[in-house]
Amino acid sequence: MSKRILILPGDGIGPEIVAEAVKVLEYLKKTHALKIRMSHGLVGGAAYDAAGHPLPEETLQLAREADAVLLGAVGGPKWEPLDIAVRPERGLLGLRAELELFANLRPALLFPQLASASTLRPEVVSGLDIMIVRELTGGIYFGQPRGIRTLPDGQREGFNTLVYKESEISRIGRVAFDIAMKRNKKVCSVDKANVLECTELWREIMTGLGREYPEVALSHMYVDNAAMQLVRAPKQFDVIVTTNMFGDILSDCAAMLTGSIGMLPSASLDANSKGMYEPIHGSAPDIAGQGIANPLATILSVAMMLRYSLDAPECAGRIEQAVNQVLDEGLRTADIHTEGTRRVGTAEMGDAVVAALG
Ligand code: IPM
Ligand code: MG
């Protein structure tokens, strides 16, 4: 039985980078007998323009039926004036919530060839290999009540709610501990337990869970310190587990350690390893349509998809190997370009990866 993949290019550079990832999938289908069927759908601003909603029912239905979803990026200045309920980002958040994709895996891995592309000194980042496990369907992103209300004195007040149930904390905790068992057996749980009761509970649950994983060294860190440690001495981390919003912030920070946010893939998984895969960068409207965006994060997201949802680890390894090879060959998109390397566009990079797949 072939596996169903839903392709959602989205907005901005989304269609350009997804096109390169689709080339990779088509190639593996043709030459390595990868049994997949691809369908396409609309999400984000593109869906709003075509159907009046960033997550049309049809897209949601296709996503429910799929074994995995590949998403480009959503959003852009064009849709910023819209009501928050129909902004492109809602399409993404809606997919995460509706498909119950609570576990967001964001690896920050430095390709040795790019050590000099990082803004940090090479000795600080070389060998970097961190896995950020971000809770994705709870916390302040989804907590109720939320909104903007008018107070009796006439001024407005904005409010959101940070809330986590014990079960939500332990299920993301388990994902992190299980991943750590396959890595270097270290988990750092990031919270703000000195100020926020919600994350005091988070710390308590993580501590309890830690007793079930005696081989894993568990540490706790406040989020402000974690942000500092990530740029001071990032190699101290193996697996980081944290809340939805802290994970959003720390994963961008970790991405820059690797030279470019344009290199990092992500997986968002439900309890049964069904997943949505996307680069962690955004839609980059400033460079959209120019053919200069880096497609490697999306291509590496395909590798994660093959490994986590489609049970094709051999093909996943091939993709990662091919990316390594094109970097070895000196090919670089603008975001990772340094002196002495060859600057290429989006499609040329995608073609080079396909050529390197063998
Ligand atoms: C991310 C993005 C999203 C988030 C936005 C686009 C809603 O920043 O995936 O990190 O905040 O989760
Ligand atoms: Mg983000």
Side-chain angles (χ1 to χ4, degrees), residues 2-3 5 7-10 12-40 68 70-73 107 109-117 255 258-267 277-281 284 287-358:
S2 62
K3 301 273 176 99
I5 304 176
I7 310 284
L8 299 175
I13 58 170
E16 298 162 54
I17 52 177
V18 164
E20 301 313 308
V22 168
K23 278 184 195 166
V24 168
L25 280 166
E26 293 283 8
Y27 181 83
L28 291 172
K29 186 176 168 182
K30 203 168 65 199
T31 58
H32 291 79
L34 185 66
K35 290 194 176 43
I36 51 166
R37 266 186 296 150
M38 287 185 260
S39 56
H40 283 71
L70 180 68
L71 186 137
L109 187 84
L110 181 83
F111 284 89
Q113 304 92 324
L114 299 184
S116 61
T258 69
S260 170
I261 197 166
M263 290 299 298
L264 296 193
S266 78
Y277 298 81
E278 49 176 319
I280 87 155
H281 61 71
I287 59 162
Q290 297 176 30
I292 59 170
N294 186 348
L296 293 179
T298 317
I299 290 172
L300 290 167
S301 297
V302 168
M304 287 188 94
M305 171 190 287
L306 294 169
R307 183 168 287 121
Y308 289 99
S309 290
L310 302 184
D311 199 23
E314 198 264 341
C315 284
R318 257 175 204 280
I319 295 176
E320 286 153 357
Q321 183 46 44
V323 168
N324 244 305
Q325 190 179 320
V326 300
L327 292 175
D328 276 343
E329 288 163 4
L331 271 62
R332 303 284 188 273
T333 42
D335 56 314
I336 50 175
H337 181 250
T338 47
E339 230 185 272
T341 61
R342 188 157 77 82
R343 188 169 163 165
V344 296
T346 312
E348 201 179 337
M349 186 59 110
D351 291 340
V353 173
V354 170
L357 278 170

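The model shown is predicted, which means the values in this text are computed figures rather than measured ones.
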Exercise for the section: May I ask you to decide if K35's main-chain N or O and S2's side chain share a donor-acceptor pair within less than 3.5 Å? Expected result: no
Handout entry: Check: T31 side chain, Y27 main-chain N or O, donor-acceptor pair, under 3.5 Å
Key = yes
Handout entry: N324 side chain reached by F111 side chain, heavy atoms, under 4.5 Å
Key = yes
Fill in the blank from the handout: Taken to the nearest 0.5 Å, the spacing of I299 CD1 from M263 CE works out to 9.5 Å
Handout entry: Contact summary for I292 and E16, nearest pair of heavy atoms
Key = N-OE1, 4.3 Å
Exercise for the section: Answer whether the closest heavy-atom distance between the side chains of E320 and L300 falls below 4.5 Å. Expected result: yes
Completion exercise
All heavy atoms of N294 vs all of H281, minimum pair found to be O-NE2, 4.3 Å
Handout entry: Charged N-O contact under 4.0 Å between E26 and K30
Key = no
Exercise for the section: Check A303 against A316 and note the closest heavy-atom contact, atom names and distance. Expected result: O-CB, 3.2 Å
Problem - 4.5 Å side-chain heavy-atom contact, E329 and R342 - result: no
Problem - Student check: side-chain heavy atoms of L8 and L70 closer than 4.5 Å - result: no
Problem - Residue among L114, L296, I336, T333 satisfying side-chain contact (heavy atoms from CB on, under 4.5 Å) with S260 - result: I336
Exercise for the section: Say whether, by atom type as modelled, one donor and one acceptor occur between the side chain of R332 and the main chain of L327 under 3.5 angstrom. Expected result: yes
Problem - Test item: D335 and I287 side chains (from C-beta on) under 4.5 Å apart, heavy atoms - result: no
Exercise for the section: Rounded to the nearest 0.5 Å, what's the gap from OG1 on T338 to CZ on R343? Could you check? Expected result: 11.5 Å
Handout entry: Exam field: side chain T298 to backbone P279, donor-acceptor pair closer than 3.5 Å
Key = no
Practice task
Determine whether T346 and I13 make a side-chain contact, defined as any pair of heavy atoms from C-beta on separated by less than 4.5 Å.
Solution key: no
Practice task
To the nearest 0.5 angstrom, please state how far the CD atom of E314 sits from the NE2 atom of H32.
Solution key: 6.0 Å
Exercise for the section: Looking only at non-hydrogen atoms, find the nearest pair between D351 and E20 and report the distance. Expected result: N-OE1, 4.0 Å
Completion exercise
To the nearest 0.5 Å, atom CG of L34 lies from atom SG of C315 at 5.0 Å
Problem - D311 CG: over 12 foreign heavy atoms closer than 6.0 Å - result: no
Handout entry: Donor-acceptor contact below 3.5 Å, side chain Q113 vs main chain G330
Key = no
Handout entry: T258 side-chain N/O to L109 backbone N/O, donor-acceptor pair under 3.5 Å
Key = no
Practice task
State, to 0.1 Å, how close V326 and A356 come at their nearest heavy-atom pair, and which atoms those are.
Solution key: CG1-CB, 4.2 Å
Exercise for the section: Decide yes or no for V22 and M38: does some side-chain heavy atom of the first lie under 4.5 Å from some side-chain heavy atom of the second? Expected result: yes
Problem - Point-to-point distance, once rounded to the nearest 0.5 Å, from CD1 of I17 to CE of M349 - result: 13.0 Å
Problem - Pair L310-I5, side-chain contact (heavy atoms from CB on, under 4.5 Å): steps then yes or no - result: CA-CA 9 Å; L310 302 184; I5 304 176; 3.8 Å; yes
Exercise for the section: Would you name the heavy atoms of P107 and P265 that are closest together and state the gap between them? Expected result: CD-O, 3.5 Å
